[in-house]
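What follows is a short report on a single structure.
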Amino acid sequence: MKPRVRFAPSPTGYLHIGGARTALFNWLYARHTGGTFVLRIEDTDAARNSQEAVDVILNGLRWLGIDWDEGPITGDATGPSKGDHGPYFQSQRKENYQRRIEALMSRDLAYKHADGTIKFRMTREPILIPDLVVGDVLRPLTDREEADPDWVLVRSDGQPVFHFVNVVDDLEMGITHVIRGEDHLSNTAKHIALFRAFGVEPPKYAHIPLILNADGSKMSKRDKGASLTSYLDDGFLAEAVNNYLCLLGWSPKDNLEKMPLADVVERFDLPQILRHNAKFDYEKLTWLQGEYCRELAPDRFYELGVHAFAKAGIDTNKLDVHYVKAALDTCRGKIKTFAELPAYAGFYFTDVIIYDGEAAQKSFVPENKPRLEKVREAFGKLPAFDAASIEAALKATAAELGVKVGILIHPTRLATTGHPHGPSLYHLLEVLGKDEVLARIEKAAKKF
RNA sequence: GACCCUAUGGUCUAGCGGUUAGGACAUUCCCCUUUCACGGGAAUAGCCCGGGUUCGAUUCCCGGUAGGGUCGCCA
């Protein structure tokens with residue numbers, strides 16, 4: 001029998017990075033085994049559910065390239081879905097829960113409590129949780145559970161609780177492997193007891209370690225980087241985030257780091273999942289991002305670049321396409337995230353150059369003024385203003401003045417871009433064009 | 001408070017009853033170079049502690065410590 005796995009998020013308005021990894025691991029397992037990946041929306045808490053909140057999840061998964069074989073097609077709970085185990089929204093599965101409750105009550109495995117709730121007659125014995133990642137875990141009752149082992153299945157307002165609906169859905173959807181965060185490990189005893197009450201053997205469990213903040217604390221909603229969307233907003237590439245997530249809690253061995261998803265699918269399996277939590281390392285993600293960014297297809301680099309500028313309030317669509325493309329070309333291989341782009345190359349799209357203070361102190365010194373004027377003069381005489389000619393002119397001028405070319409390069413870069421670092425000077429000057437370059441140098445020379 | 005999980009450089013990890021404990025990120029230095037980035041080279045840094053088992057433990061067992069999780073009419 002082919003595995004059936006599921007990702008069952010609750011629509012809270014954001015997709016936690018740990019949730020995204022859980023989805024990814026489920027997806028990887030399904031793809032590795034040729035099984036089925038089901039997406040189910042646990043919208044039992046009507047108070048905080050909305051279609052927008054579901055869309056955040058759907059869009060997040062889609063951005064990562066995680067597709068589901070069964071599940072909703074839109075964020076609308078009553079909208080279309082694919083798969084024959086629907087509905088895939090818990091809010092639409094109420095009859096199932098009602099039926100299951102009645103079945104339990106008819107056999108006295110559940111009962112109506114004095115405060116209006118329906119409770120489950122929980123086993124008093126320790127429960128063995130066989131886990132594909134952690135191994136066998138024997139879970140006795142805690143002292144509080146000892147005092148009152150039975151737990152609520154249906155609230156007094158008639159709403160069934162998570163532990164109950166989760167199990168009913170897994171059962172009815174034919175889920176064979178439950179791959180989820182380790183925060184559910186202890187609760188699995190409840191789930192196993194319920195499955196048995198329904199007369200079926202529970203699915204296989206694989207509890208994966210959690211993702212922690214860099215300081216080791218739990219990553220909660222407000223922490224930086226907790227929301228998957230924040231990576232999209234910060235200009236990260238889905239393939240980089242995906243690749244990084246694969247490396248947290250799972251290892252391909254062989255000293256591999258950067259690897260195509262297809263290779264991960266081939267190698268991925270449950271036993272290799274690590275048992276300990278992992279701290280999120282933003283630096284390493286950024287490194288991977290840089291690797292992927294460097295080899296981006298030109299069209300995609302251009303598209304993402306334009307988008308990044310637009311987000312920074314720079315509308316490049318009004319400008320000459322060739323100019324924008326040429327400008328972006330000089331940034332390839334230089335930046336790691338697109339969020340850096342406006343600061344890195346914004347000088348292409350503004351008339352107001354703001355000179356870096358520290359660099360200005362170094363470069364805009366009296367002896368450089370005549371040098372800069374000499375450079376401007378040399379540039380002015382160039383019949384063709386291309387990178388090669390610019391380089392030659394700069395070198396010739398340096399030779400004429402008896403200085404190293406670097407002496408000329410730094411003030412020229414600062415005068416034309418405002419920054420001490422940036423794209424190749426020769427190429428960026430070519431893109432800027434002769435008139436603009438001469439104007440910028442002249443303007444800068446007046447500053448000191 | 002009870003119960004559960006975990007423990008290799010700062011971080012992610014490989015590994016093993018006997019290894020010079022391997023790789024990657026980060027850090028530092030050198031080379032390359034028009035800056036930065038890339039690339040190449042080098043360096044710093046690790047088996048949580050205490051017992052046991054064993055000829056020999058980073059590796060197996062127990063305890064401790066630390067971190068994380070769970071014990072809801074949240075999911």
Side-chain angles (χ1 to χ4, degrees), chain A residues 8-12 19 42-45 47-48 90 113 115-119 126 129 131 133-135 137-149 151-163 165-166 181-190 207 209-210 212 214-218 244 247-258 274-288 290-291 293-294 331-336 344 359 387 390-391 394-395 398 404-410 412-414 417 419-429:
Chain A
S10 176
T12 56
E42 306 220 330
D43 57 341
T44 49
D45 188 355
R48 62 185 195 199
Q90 287 185 331
H113 190 263
D115 17 286
T117 67
I118 295 172
K119 289 181 115 180
I129 305 166
D131 191 284
V133 171
V134 186
V137 175
L138 191 64
R139 165 63 157 82
L141 298 181
T142 67
D143 56 355
R144 283 173 212 204
E145 289 166 338
E146 199 82 55
D148 181 17
W151 46 278
V152 172
L153 291 173
V154 183
R155 302 186 187 96
S156 51
D157 66 359
Q159 283 293 317
V161 304
F162 162 78
H163 295 301
V165 296
N166 187 267
E182 199 221 77
D183 49 341
H184 284 102
L185 181 57
S186 291
N187 287 150
T188 303
K190 286 181 179 175
H207 287 94
L210 304 180
L212 270 27
D215 67 0
S217 62
K218 185 186 180 179
Y244 179 68
L247 264 23
L248 276 188
W250 176 81
S251 169
K253 325 274 183 190
D254 275 350
N255 292 335
L256 287 164
E257 306 285 340
K258 176 170 177 282
L274 277 301
R275 280 159 288 267
H276 56 270
N277 296 342
K279 292 172 189 162
F280 197 92
D281 186 354
Y282 207 82
E283 307 270 358
K284 186 154 181 177
L285 198 214
T286 303
W287 166 73
L288 265 174
E291 296 292 303
C293 196
R294 192 168 305 115
C331 303
R332 286 183 60 89
K334 301 287 194 168
I335 55 160
K336 284 185 176 169
Y344 187 80
I390 291 165
E391 180 173 359
L394 226 30
K395 283 181 174 163
K404 284 185 188 170
V405 71
I407 297 291
L408 267 26
I409 279 171
H410 296 298
T412 305
R413 174 184 292 283
L414 191 63
T417 71
H419 301 291
H421 312 306
S424 160
L425 180 68
Y426 310 137
H427 294 87
L428 79 85
L429 293 181

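Within every chain, numbering begins at 1; the chains are lettered A, B, ... in the order of the sequence lines, protein sequences first and strands thereafter. Hydrogens, waters and symmetry mates are skipped; everything else that's a heavy atom, side chains included, is used.
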Distance between the P atoms of C49(B) and G40(B), in whole angstroms? 36 Å
Between P of C71(B) and CH2 of Trp151(A), the distance in whole Å: 12 Å
Rounded to the Å, how far apart are Leu274(A) CG and G69(B) C1'? 17 Å
Euclidean distance for C1', U20(B) against U65(B) (whole angstrom): 31 Å
I'd like to know if the side chain of Thr117(A) and the backbone of Lys119(A) have a donor-acceptor N/O pair within less than 3.5 Å. no
Using purine N1 to pyrimidine N3 plus N6-O4 or O6-N4 for Watson-Crick, or N1-O2 and O6-N3 for G-U wobble, each under 3.5 Å, what pairs with A21(B)? none
Write down the protein N/O and nucleotide N/O pairs, taken from nucleotides 34-38 of chain B, whose separation is under 3.5 Å; answer none if there are no such pairs.
| residue | atom | partner | partner atom | Å |
| --- | --- | --- | --- | --- |
| U34(B) | O2 | Arg413(A) | NH2 | 3.4 |
| U34(B) | O2 | Leu425(A) | N | 3.3 |
| U34(B) | N3 | Ser424(A) | OG | 3.2 |
| U34(B) | O4 | Ser424(A) | OG | 2.7 |
| U35(B) | O2' | Pro420(A) | O | 3.2 |
| U35(B) | O2' | His421(A) | ND1 | 2.7 |
| U35(B) | N1 | Arg413(A) | NH2 | 3.3 |
| U35(B) | O2 | Gly422(A) | N | 2.8 |
| U35(B) | O2 | Gly422(A) | O | 3.1 |
| U35(B) | N3 | Arg413(A) | NH2 | 3.2 |
| U35(B) | N3 | Gly422(A) | O | 2.6 |
| U35(B) | O4 | Lys334(A) | NZ | 3.0 |
| U35(B) | O4 | Ser424(A) | N | 3.3 |
| C36(B) | O2 | Lys334(A) | NZ | 3.3 |
| C36(B) | N3 | Lys334(A) | NZ | 2.3 |
| C36(B) | N4 | Lys334(A) | NZ | 3.2 |
| A37(B) | O2' | Gly333(A) | O | 3.2 |

For atom CG of Asp131(A) and atom P of G69(B), their distance in whole Å: 18 Å
Gap in Å between the two P atoms, one belonging to C25(B) and one to C38(B), rounded: 10 Å
Under 4.0 Å protein heavy-atom contact, by nucleotide of nucleotides 2-12 of chain B - B base, S sugar-phosphate only: BSSSSS---BB
Using OP1 and OP2 only, check whether a side-chain N or O of Lys253(A) sits under 4.0 Å from G15(B). yes
Decide yes or no on side chain to side chain contact (heavy atoms under 4.5 Å, CB included) for Tyr426(A) and Ile409(A), but give the supporting numbers first. CA-CA 9 Å; Tyr426(A) 310 137; Ile409(A) 279 171; 3.6 Å; yes
Would you measure the distance from the C1' atom in G22(B) across to the matching atom in A45(B) and give it in whole Å? 15 Å
Would you confirm whether Arg413(A), through its side chain, and Pro423(A), through its main-chain N or O, come within 3.5 Å as a donor-acceptor pair? yes
Distance check, P atoms only: C47(B) and C12(B), in whole angstrom units. 16 Å
Do Ser251(A) and Leu256(A) make a side-chain contact, defined as non-hydrogen atoms from C-beta onward lying under 4.5 Å apart? no
Are Lys190(A) and Glu145(A) within salt-bridge range, i.e. N to O under 4.0 Å? no
Both Val154(A) and Ser251(A) contact RNA chain B. Which one's nearest nucleotide lies toward the 5' end? Ser251(A)
Heavy atoms under 4.0 Å, any strand shown: does His184(A) hit a base, just sugar-phosphate, or nothing? base
May I have the step-by-step check of side chain to side chain contact (heavy atoms under 4.5 Å, CB included) for Phe280(A) and Leu248(A), ending in yes or no? CA-CA 8 Å; Phe280(A) 197 92; Leu248(A) 276 188; 3.9 Å; yes
If you measure from the C1' atom in A37(B) to the same atom in C31(B), how many Å do you get, rounded? 16 Å
Least distance between heavy atoms, Gly249(A) atom then Pro209(A) atom: CA-CG, 4.3 Å
4.5 Å side-chain heavy-atom contact, Lys334(A) and His421(A): no
With a 4.5 Å cut-off on side-chain heavy atoms, are His207(A) and Val133(A) touching? no
Roughly how far apart, to the nearest Å, are G67(B) and U28(B) at atom P? 30 Å
Protein heavy-atom contacts under 4.0 Å, written 5' to 3' over nucleotides 59-65 of chain B as B (base), S (sugar-phosphate only) or - (none), form the string -------
At 4.0 Å (heavy atoms only), tell me whether His207(A) reaches a base, stays on the sugar-phosphate, or touches nothing. nothing
With sugar-phosphate meaning primed atoms plus P, OP1 and OP2, does Leu408(A) contact a base, only sugar-phosphate, or nothing at under 4.0 Å between heavy atoms? nothing
Side chain to side chain, Thr188(A) and Arg139(A), heavy atoms closer than 4.5 Å: no
On RNA chain B, check which nucleotide each of Asp157(A) and Leu285(A) is closest to and give me the residue with the more 5' one. Leu285(A)
Take the protein atom NZ of Lys190(A) and the nucleotide atom P of C71(B), then report the distance between them rounded to whole Å. 6 Å
Say we look at C73(B) and C16(B): how far apart would their P atoms be, to the nearest angstrom? 45 Å
Check every strand shown and say whether Lys218(A) touches a base, only sugar-phosphate, or nothing at a heavy-atom separation below 4.0 Å. sugar-phosphate
Base-pairing mate for A57(B) - Watson-Crick or G-U, with both contacts under 3.5 Å: none
Would you call the rings of His163(A) and Trp151(A) parallel, tilted or perpendicular if under 30° counts as parallel and over 60° as perpendicular? perpendicular
Pick base, sugar-phosphate or nothing for Asp254(A), based on heavy-atom distances below 4.0 Å to the nucleic acid. nothing
Rounded distance (Å) that lies between atom C1' of U13(B) and atom CD of Glu283(A): 17 Å
The reported gap from CD in Glu182(A) to CG in Asp131(A) (rounded to nearest 0.5 angstrom) is 9.0 Å
